[in-house]
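See below for the structure under consideration.
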Amino acid sequence: MTDIPVDPNEVRLTINGHEVVSTKGEMVIAAAARAGDYIPHFCYHPRMEPVGMCRMCMVDIDGGRGPMLQPACMVPVAPGMKVDTESPGAKRAQEGIIELLLANHPLDCPVCDKGGECPLQDQTFSHGPGESRYVEEKRHYEKPIAISDLVFLDRERCILCDRCTRFADEVAGDALIHFNSRGNDTHITTFPDEPFSSYFSGNTVQICPVGALTATPYRFKARPWDLAQQESTCTTCSVGCRTVVQSSRDELLRYMGVDSDPVNHGWLCDRGRFNFESVKSPDRVLQPLIHDGTEFVPATWSAAITEVAVQLRAARAAGGVNSIAVLGGARGTNEDAYLWSRLAHEVIGTPNVYPQMGDGLPADVLLLDRATIDQAATASTIVLLAPDLKEELPVLYLRLRAAAEKRRSRIIEFTPKHTGLSRYAWRTIGYEPGTQQSVVEKALADPEIAAQIAKGDVVVVAGRANLAETTVATVAALRSVLAAAPGSRVLPAFRRGNVVGALQVGMRPGEGGLDTRSVLQAAADGKIECLVLLGADPLADFPDTDLARRALAGARRIIAIDTFLTQSTQLASVVLAASAYAEKSGTTTNLEGRVTTVAQQVSPAGNTRPDWMIAAELAMELGSDLGYDTIDNVTDDIAWHVPGYEGITAAAIAAATDGIVAGAPTGIAPLAPIANPIGERNSYDFRLVVSRTMYDEAVGTATSPSLAHLATPSMVHLHPLDLGRVGTTEGAAVKVIGSRATVVLHVVADDSVLRGTVWVPFRHSGANVGDLIDCTAAVNDVRIENI
Amino acid sequence: MSRLNEANVLHAKEIIGRYPKARSATIPLLHLAQQQDGYVTNEAMAHIGELVGATSAEVLGTATFYEMFKFEPVGKYLVNICGTLSCALMGADELLHHAEAKLGIKAGGTTDDGLFTLERAECQAACTEAPCLQVNYRYRFKVTPADLDQLLDDLAAGRLDGEVPPHGTVAKVRQHIPANKAVGAVPPESVTAPPVWISEAAK
Amino acid sequence: MSRYTWAPGYCDDGDRPQIVTSRFKYDDGYSLERYLATGGYAGLKAALGRTPTEVHDEVKAATILGRGGAGFPAGTKWGLTPQGVFPRYLVVNGDESEPGTYKDRLLMERDPHQLIEGCLIASYAAGLSQCFLYIRGEMALAQERVATALNEAYAAGYIGKNILGTNFSIDIVLHWGAGAYVVGEETALIESLEGNRGMPRLKPPYFPAAIGLYGQPTIVNNVETLSNLPWLLVNGAAAYTAIGTETSPGTRMIAVSGHVKRPGVYEIINGTTTFREVIYGEQFCGGIRDDNELKAFIPGGGSAPWFLPEQLDLPFEAKMVGPAGSMLGSGAIMVMDHTTDIPAMALTLVRFYAHESCGKCVPCREGGTWLMRIMERVVAGRGTQRDLDQLLEIGQTITPGQYPHAASERLGIAAAPFPFKMTTICFVGPSAYNAVDSALTLFPDEFQAKLMKRTSIPVTAVGAGS
Ligand SMILES: Cc1cc2nc3c(=O)[nH]c(=O)nc-3n(C[C@H](O)[C@H](O)[C@H](O)COP(=O)(O)O)c2cc1C
Ligand code: SF4
Ligand code: FES
């Protein structure tokens, strides 16, 4: 007989008479939940530190000295412990607590958004006393107050469970809501004139166990029992948070975070949670449009598809397959990208296919040993060579922040501007754009940093910190880190929803093909006969606006597949009306390569169609049957054909709660780096740093009424000590003069900006910083002049 | 209204320096702010947040927990009449009613001239001297209604100026740790070894 | 030698041992000069002449019971700090706010050096890195006296670097609160000292001795507890334990308030002195005012269940008082004579605890206020039997099961012993119910007498059946 090794962390205890296997450190409430014994609770939340505030979870726990009423959320399991969750004592306590909670809780359930899905209501039913004997006057507060742009607080309904406040402090790091006063007068407030402007405020609404916190987009919209829902994935950015998409009468109403252990722990950022409003936007393109020379004219699908085929044939006839290019595909599903890549490569025959908009890193970064989010969030050392994750990949920010706060990991950050994570970083090392490699190498020579790196278990988060420079210096710096820390893994901080999936399933250049910048250059040079924009908007997203403008002017024909008429798609001759997320199903791949499902929850708006179907029809029109009837056929075909996706069939994904991590891609040709000597910065100049923020003019934000007003106008940010150098003051308008253009912007004094550099957020309203960016220059310098 | 003035910022920094973590100075600094303005202003709370590394909301949360901090102007003299058991047994209620009548305000109110704020307080740790009261945290024991009248008159006439500072100042004497004697506060994470007298005694 | 002008009943009859109040007879007992002239800092010198372990052992041998309320032996508590974990801190609990309790303030105002010396001895013995002396916010004079004493002691080399030329160094930092009773609870005290709202932390899993201030091992001791140390170090544990009883050695300070002839703070012999001696003894309170009849008394501060005259002969000994249905708490006796309106007086205590709830636990936050509302109604003569029942129901939610109470021959009830069960984190919740329970259990008729004469309101039948 062989001994079965016993896990030293294993703890066996008895809950309601049956044996439960748990692990050291687990709280009784969690062990009971896993064993199917629900212990009622309000304040306990598995992703936050227990506080033992509500006292609802009192159960009889016998740790060896007889049963004692104890809060199950605060008592860790112990060997041999006996727990009775339904003893008369426990039941009496639970009933008593409910009675007290209801004492001051208004019974306005019929008009409360939470009614029907309210833990207080449910537990009153299941564990409450059945009647209230409270005859005193209830607590009164001024009716709901807006604590932020998105969230309302009704203090009368609040049961003070400390969930929202703990979330704000512990999870989001934005301790902007807090308890005020004491005892029976305790209530939640924000500081006067300092709203709860957290990027994560919506989570508080989701975790509130009563209807005290409500979010603008959902208030009074529906009753929970009318809601239909499905699990899905948020594709706003490449973190790929798991969501539940809810609708009523075929209208999208709400997104909720799902607790996916390897990904988002239940959290969503506000952009991801609320930008579904854009799906319902009246500005959506609802049917195919053909430009007749003066204006867009609605067309039938067959007419539009025929027209596109005609144009593609004409382009091929005029310039050969190399004169056709397909840009985009990172905003769709894997299935969309896969069929479009097949259409482009196999049917049309062009090698010019690319999903990134000149704002990521070369695709060969995906060939590096890839880290998962979990690996990053538990690594000894996290090296950041990335954009401000709080702005661009918000929930990844939460995960890495927690890693630093819980002292699991040390963050070494290299950045041209202080970021949301700088506060939590062990070392934040600023660099002037262009100097990454030397700065990184100098830092790596520092004995303390070297010793930290030498501990091993290093994850590098690599992405594009500055849109106003080429990727050369960042890639070189990345290589230096990898050389110093062999065996480290890389988490690519590419930002668009399915960019990793698109690249991996085939949306990448074929033999001799061009990437986005080269395509745009070719178009500007008049060499592109047909430019296909697959959910791509180069005028808005490509950093070098001038090049994008010349490219779109120089392309002979433009075909767009999009949900909105954007700056770029307005120039198309045919616009094919695409379905949006939640209107189509399929799979998506996040930045760590995790493949998860996206669900169709509502009918496609108007006469729109999913991208993959459009690709299939176009192929047919061009004479090739790609051979798919259903979306599942496509998913299975990807599993069959795409390296790294082996076994990731529709059935397999449906069965895997947290999705499946795809293997490494093969066949990505390393893109030849373009070596650019970096000129010295003229001492009067400032080096330009441009990056994105959470709320900008992106379509999803701009067409979601709740979010649109959160975007601020474009400003130029200088270090406070540089204001004097320029002789300007905060708020003043200045001329920002680049090599090609001059824009006028107002000044913000900002000590997160390094001296000698200026930062301008990308794609904010007002003057366009893209006009200042030359994407062929290694770095871009600007002069600031007073007006 | 006002952030901490320069002198108080210096004082604040001295106080912060005594603690292993700056946050610990929150309550002392709130007292400092109250001493400066007679009550705690929003600006002062935001300023304290900057000094101790907390958000303004956190400072507000801490401040409002404690009875002594006021967020609106109160009278120059805060008269707290104790009403808990020992004092109640000895006639605290009558004393409070007498004070209300004399000042023409209800407990919680402030006289029109801004001189007196009256409060019904909880146990002041002078139970054997009941009924007792505090004026700006200076005690008066076994107070009869006549004593109270006298006290209020004396205060109004300025006869007790030397003894009772205006509201906001609690202790008039502060601790000062001489630099050459101070051991100094260090963040807990930078201490790992036992103190010398322990390690050497162990040898 | 003049008596402390208002020193509450303090009496120096020459017979009783004085461990902590020996300097109360001096008007300037708080000055360093007087302190040194009366043997001050000899205990510290004695301690520094021995190893920390020896000093700790001496304290353990003396079994000084904590005077903050829980009565846990100080030496044992120091020993609970985990081996080898540094830094460790000392937090002195000078937040004295328990109704009826009045001794720590006197010790700080009248003899601050004695407390400082006690802190130094504790820090030396337990290997502490820093000491924080947390004084209640409303005690201006105590803050001034302690601040002055600290300043003097620093100047004279008793505190700070290399104390008295040895390798022992420690800072004592004066910290002051801002008015919140619950902050007297040790984990709330630590939260408050960290700059937070003074809300207690749940223990277990962690006691401050293991995880306290800044997450480090922390000893929290009461002012009076520490004030015993100088005497102990000079006179030795044997002399200390020779006073009082084996389980309650030494002396303790007791504040007696309410309807007695000479209310005051007395240092009495622990373990043997009885309540009768203190309340009626000529050298103490001298009996009930106007020679009235004693109705009830509270033996251990506002949180303690009430006693009747029947319990007068119990001594100050936890082993005896617990089974009799109450506790000694923080050394406070509140005396009520036969003229007392029991429900009204109980209400003052309910109001106190409801007002002082930190708001963390639902039973305390909601239950305390609800109890108060009902009591207000009852005292105002608008209560009903249903209200009285509801008081007990709320009590059951806060402290399930039998709540301790005294025996009463008149009512034919036996004592329900200490302790009780609770659904709250700290004792504020149960304390809010405490006075209600005592008053209702021991004086039910006084409540009945106050009920609304018409106990049911005739209603026209609507609803079911009509
Ligand atoms: C609600 C509550 C209030 C308390 N208030 C005080 C207090 O004002 N002063 C005090 O010394 N201890 C107080 N205590 C006891 C402390 O928690 C702690 O036990 C004591 O300070 C330890 O010191 P000791 O061991 O020297 O008694 C209180 C306890 C509770 C539960
Ligand atoms: S019992 Fe009351 S005072 Fe104590 S922790 Fe709970 S709510 Fe706070
Ligand atoms: S869930 Fe345990 S106390 Fe709230």
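Lettering of chains follows the sequences in order, A, B, ..., and the numbering in each one begins at 1.
- With a threshold of 4.5 angstrom between heavy atoms, C/E138 approaches chain B through its backbone and through its side chain.
- With hydrogens and angles ignored, the 3.5 Å screen pairs a side-chain donor or acceptor of B/T26 with a backbone N or O of B/R23.
- Most heavy-atom pairs under 4.5 Å with chain C: of the set B/I198, B/V170, B/I27, B/L85, this distinction falls to B/L85.
- Within the 4.5 Å cutoff, the side chain of C/N292 has no heavy atoms near those of the C/H259 side chain.
- A salt bridge between B/E129 and B/K142 is present, with a side-chain N of the basic residue lying under 4.0 Å from a carboxylate O of the acidic one.
- When heavy atoms are compared at a cutoff of 4.5 Å, C/S123 approaches chain B solely by way of its backbone atoms N, CA, C and O.
- Contacts of C/Q130 with chain B are made by side-chain atoms alone, with heavy-atom separations under 4.5 Å and no backbone atom involved.
- The contact between C/E98 and chain B is made entirely by backbone atoms, counting heavy-atom distances below 4.5 Å.
- When each of C/D171, C/T348, C/L150 is checked for heavy-atom pairs under 4.5 Å with chain B, C/D171 comes out on top.
- With a threshold of 4.5 angstrom between heavy atoms, B/T84 approaches chain C through its backbone and through its side chain.
- Of all the listed residues (C/T51, C/T339, C/L193, C/D337), the one sharing the greatest number of non-hydrogen pairs under 4.5 Å with chain B is C/L193.
- Only the side chain of C/I298 comes within contact range of chain B, with at least one heavy atom under 4.5 Å from a heavy atom of that chain.
- C/E109 contributes no side-chain N or O that, together with a main-chain N or O of C/R145, makes up a donor-acceptor pair within less than 3.5 Å.
- For the set B/A182, B/A130, B/A201, the count of heavy-atom pairs under 4.5 angstrom toward chain C peaks at B/A182.
- With a 4.5 angstrom heavy-atom cutoff, B/R138 touches chain C only via side-chain atoms.
- Between the side chain of C/R88 and the backbone N or O of C/T81, no donor-acceptor pair lies under 3.5 Å.
- Most heavy-atom pairs under 4.5 Å with chain C, from the set B/G83, B/A185, B/A63, B/P187: that is B/A185.
- The part of B/E200 that comes within reach of chain C is its side chain, from C-beta onward, which places non-hydrogen atoms under 4.5 angstrom from that chain.
- With a threshold of 4.5 angstrom between heavy atoms, B/N180 approaches chain C through N, CA, C or O but not through any side-chain atom.
- Using a distance-only test at 3.5 Å, with no hydrogens or angles considered, a donor-acceptor pair links the side chain of B/E58 to the main chain of B/T55.
- In this structure, the portion of C/V183 lying under 4.5 Å from any heavy atom of chain B is its side chain and not its backbone.
- Proximity to chain B is limited to the side chain of C/V182, based on heavy atoms less than 4.5 angstrom apart.
- Only the backbone of C/T101 comes within contact range of chain B, with heavy atoms under 4.5 Å apart.
- Under the 3.5 Å distance criterion, the side-chain polar atoms of B/T144 are matched with a main-chain donor or acceptor of B/D147.
- Between the side chain of B/S56 and the backbone N or O of B/A46 there is no donor-acceptor pair closer than 3.5 Å.
- Highest contact tally toward chain C, considering only B/A25, B/P188, B/P195, is held by B/P188 [criterion: heavy-atom pairs under 4.5 Å].
- At a threshold of 4.0 Å, the pair B/E119-B/K70 counts as salt-bridged, since one of the basic side-chain nitrogens sits closer than that to a carboxylate oxygen.
- With a 4.5 Å cut-off on non-hydrogen atoms, C/I172 touches chain B through its backbone but not through its side chain.
- Contact annotation for C/A155: only backbone heavy atoms (N, CA, C, O) come within less than 4.5 Å of a heavy atom of chain B.
- Of all the listed residues (B/G61, B/A121, B/P20), the one sharing the greatest number of non-hydrogen pairs under 4.5 Å with chain C is B/P20.
- For C/V256, the part sitting under 4.5 Å from any heavy atom of chain B is the backbone (N, CA, C, O) and nothing else.
- For C/R351 and C/Y353, the positive end is not near the middle of the six-membered ring at less than 6.0 Å and at most 45° from its axis.
- Atom NZ of B/K13 has 12 or fewer heavy atoms from other residues, nucleotides or ligands within 6.0 Å.
- Smallest separation of non-hydrogen atoms from C/G127 and C/F86: O-CE2, 3.8 Å.
- When each of C/L349, C/L347, C/N167 is scored by its heavy-atom pairs under 4.5 Å with chain B, the top score falls to C/N167.
- Interface remark: C/S169 contributes backbone and side-chain atoms alike to the contact with chain B (heavy atom separation under 4.5 Å).
- Panel note: side chain C/E191, backbone C/M199; no donor-acceptor pair is recorded below 3.5 Å.
- Per-residue counts of heavy-atom pairs under 4.5 Å with chain C were compared for B/Y66, B/Y137, B/F69; the largest is that of B/Y66.
- Between C/Y214 and C/F132, the two ring planes are perpendicular [angle over 60°; tilted spans 30° to 60°].
- Within the 4.5 angstrom heavy-atom criterion, only side-chain atoms of B/Q134, from C-beta onward, approach chain C.
- For the set C/Q143, C/E144, C/K161, C/R136, the count of heavy-atom pairs under 4.5 angstrom toward chain B peaks at C/E144.
- A donor-acceptor pair under 3.5 Å is absent between the side-chain atoms of C/H56 and the main chain of C/Y124, judged by distance alone.
- If you tally non-hydrogen atom pairs under 4.5 Å between each of C/G160, C/A346, C/G302 and chain B, the highest count goes to C/G160.
- At a 4.5 Å heavy-atom cutoff, the contact between C/M334 and chain B is made by side-chain atoms alone.
- A donor-acceptor contact shorter than 3.5 Å is absent between the side chain of B/R174 and the backbone of C/A147.
- C/W176 approaches B/I15 most closely through the heavy-atom pair CH2-CD1, 4.5 Å.
- The only member of B/N8, B/N42, B/D37 that meets side chain to side chain donor-acceptor pair (under 3.5 Å) when paired with B/S2 is B/D37.
- For chain B, the nearby parts of C/S192 are the backbone and the side chain; heavy atoms of each come within less than 4.5 Å.
- Ranking C/N151, C/T148, C/L174 against chain B, the residue ahead of the rest is C/N151, based on heavy-atom pairs under 4.5 Å.
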